[in-house]
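One structure is given here, and the rest of the page talks about it.
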Amino acid sequence: MDRGAIDFEALKKRQQAAWSSGDYALIGTTLQIVGEELCEALDIRSGQRVLDVAAGNGNVSLAAARRFCDVTSSDYVPALLERGKQRAEIDGLVITSARQMPRRCRSRRRPSTSSRPVSV
């Protein structure tokens, strides 16, 4: 491997370990208003597709789902995605969970006006 090259797999494993080490889901629920404010600031509306990158326990995902969006959550930590899914079920909302965050975007085309990638 080139000395300047980044080992993305090793980096990903370190990040997973860091985000799995504490009870981020508990801390994250105290930040729920941030998800609501982000969706408001982005003017997210019904029918839009939302990809919540590094979703954690789903604050932005839940806020977008309450706005009747087609929401996909992604995160390094499966336990956090599961917590977000449980929260959605309790609220009667639908969120699709992706088990692994993409390392980089493969598409060069602009997202459609109905697509909103977000992250907090």
Measure the CG-OG distance between Leu81 and Ser73 for me, rounded to the nearest 0.5 Å.
6.5 Å
Minimal non-hydrogen separation, Leu80 against Asp75, with atom names
CD1-OD1, 4.2 Å
Measuring from atom CG of Asp70 to atom OG1 of Thr96, what distance do you get when rounded to the nearest 0.5 angstrom?
6.0 Å
Under the salt bridge (Lys or Arg N to Asp or Glu O under 4.0 Å) rule, collect the residues that match up with Arg14, sequence neighbours excluded.
none
Which atom of Ala64 lies closest to which atom of Cys39, heavy atoms considered
N-SG, 3.7 Å
For residues Gln48 and Arg45, report the shortest heavy-atom separation together with the two atoms involved.
OE1-N, 2.7 Å
Given side chains that start at C-beta, do those of Ile44 and Cys69 come closer than 4.5 Å, heavy atoms only?
yes
Using the side-chain contact (heavy atoms from CB on, under 4.5 Å) rule, pick out the option among Leu42, Leu38, Val53, Leu51 that qualifies with Val60.
Leu38
Nearest-0.5 Å distance that lies between atom CG in Leu93 and atom CG in Leu62
6.0 Å
Sequence-distant partners of Glu40, salt bridge (Lys or Arg N to Asp or Glu O under 4.0 Å), two or more places apart:
Arg67
Can you give me the closest heavy-atom contact between Arg83 and Asn57, atom names plus distance?
CG-CB, 4.0 Å
How far apart are the C-alpha atoms of Val94 and Glu89, what are their side-chain angles, what is the distance that settles it, and do they pass the side chain to side chain contact (heavy atoms under 4.5 Å, CB included) test?
CA-CA 7 Å; Val94 177; Glu89 289 173 359; over 6 Å; no
Any Arg87 side-chain heavy atom under 4.5 Å of Glu82 side chain
no
If you round to the nearest 0.5 Å, how far is CD of Gln15 from CZ of Phe8?
10.0 Å
